[in-house]
Amino acid sequence: MTDDVVIGPLDLATHVDEALRVQAHAFGLSDDEVTVRRQIVLRHLTYPGARALGATTPEGRLVGFVYGMPNDRGHWWSTVVEPYLRVHGVEDWLDDSFVITELHVQPGYQNRGVGRTLITTITDTVDQPRSILSAIDVESPARGLYRSLGYADLARNVQFPSAQKPYAVMGAPLPLKRSGS
């Protein structure tokens, strides 16, 4: 990873607006989408086991973040993806898994190991034996990163309400692969 970024705990509630600026830049979100996501992030942080890490420059500027929590079948995300997983006989991935809710890195800091370090560091400290996440269902650097860490597709063409593009749900046993091979 690059020497000009430090990975460490992030008080996401305090830095939610800064984190959402990273997400908006990395993901191309509108102001209205950021407003909605702000409320979602703050709600997620109230869930048991929720945790976050940030990637900051020496000047203290946030350039990436990850957050997640132990999965709960009652959470909205699980209720949306469960039918897609059930079709493939893998709905048990919703149990005893840590969900990577968001992982975003500023474009200028991508492909430098920041995202890899964020996701491996956050999953290293969880009690669950596996991790799940959803990503836009296209071949992208993000999906390549997830595959290199050991994530595999559990379901594809998952449609979230109000999302324009389909998603893939991916899962990996923990600990994640380190080498990227």
Residues in side-chain hydrogen bond (donor to acceptor under 3.5 Å, both in side chains) with [X], at least two apart?
X: Ser30; answer: Glu33
X: Asp153; answer: Arg143
X: Trp77; answer: Ser134
X: Thr56; answer: none

Nearest heavy atoms of [X] and [Y], plus distance in Å:
X: Pro173; Y: Gly150; value: CD-O, 4.1 Å
X: Val90; Y: Leu154; value: CG2-O, 3.7 Å
X: Pro70; Y: Ala50; value: CD-N, 4.4 Å
X: Leu12; Y: Ala19; value: CD1-CB, 3.5 Å
X: Thr79; Y: Gly74; value: CG2-O, 4.2 Å
X: Gly171; Y: Ile132; value: CA-CG2, 4.0 Å

How about [X] and [Y]: do any of their side-chain heavy atoms sit closer than 4.5 Å?
X: Leu53; Y: Thr117; value: no
X: Glu102; Y: Val22; value: no
X: Asp72; Y: Tyr47; value: no
X: Thr125; Y: Arg51; value: yes
X: Leu94; Y: Val81; value: yes
X: Leu10; Y: Leu62; value: yes
X: Arg43; Y: His75; value: no
X: Leu103; Y: Tyr146; value: yes

Mind checking salt bridge (charged side-chain N to carboxylate O under 4.0 Å, His left out) for [X] and listing every partner two or more places apart, or none if nothing turns up?
X: Glu82; value: Arg86
X: Glu59; value: none
X: Asp96; value: none
X: Arg73; value: Asp95

Checklist entry - Checking side chain to side chain contact (heavy atoms under 4.5 Å, CB included) against Thr123, which of Leu118, Leu149, Ile100 comes through? => result Ile100
Find the distance between [atom1] ([X]) and [atom2] ([Y]) and round it off to the nearest 0.5 Å.
X: Arg116; Y: Lys177; atom1: CZ; atom2: NZ; result: 10.5 Å
X: Thr35; Y: Leu29; atom1: OG1; atom2: CG; result: 10.5 Å
X: Leu145; Y: Arg147; atom1: CG; atom2: CZ; result: 10.0 Å

Are [X] and [Y] connected, step by step, through hydrophobic side chains (Ile, Leu, Val, Met, Phe, Trp, Tyr) whose heavy atoms are closer than 4.5 Å?
X: Trp93; Y: Tyr151; value: no
X: Val36; Y: Phe160; value: no
X: Phe65; Y: Val114; value: no
X: Val41; Y: Val66; value: no
X: Val63; Y: Leu20; value: no

Next on the checklist: Quick check against the 3.5 Å criterion: does Ser131 have a side-chain atom that pairs as donor or acceptor with the backbone of Ala172?
Outcome noted: no
Checklist entry - Is the backbone of Leu42 close enough, under 3.5 Å, to the side chain of Thr46 for a donor and an acceptor to pair up by distance? => result no
Next on the checklist: Listing request: all side chain to side chain donor-acceptor pair (under 3.5 Å) pairs with a residue in residues 158-175, at least two apart in sequence or in separate chains.
Outcome noted: Asn157-Gln159
Checklist entry - Is there any side chain to side chain donor-acceptor pair (under 3.5 Å) pair reaching into residues 7-19, and which pairs are they, with sequence neighbours excluded? => result Asp11-Thr14, His15-Glu18, Asp17-Arg38
Checklist entry - Between Asp124 and Arg178, is a side chain to side chain contact (heavy atoms under 4.5 Å, CB included) present by the stated rule, with each step listed? => result CA-CA 11 Å; Asp124 278 351; Arg178 289 293 210 243; 2.3 Å; yes
Checklist entry - Which residues satisfy the ring-ring contact (aromatic ring centres under 6.0 Å, His included) test with Tyr67, sequence neighbours excluded? => result His44
Item to check | Residue pairs involving residues 24-43 (criterion ring pair (Phe, Tyr, Trp, His ring centres under 6.0 Å); sequence neighbours excluded) | outcome: Phe27-His104
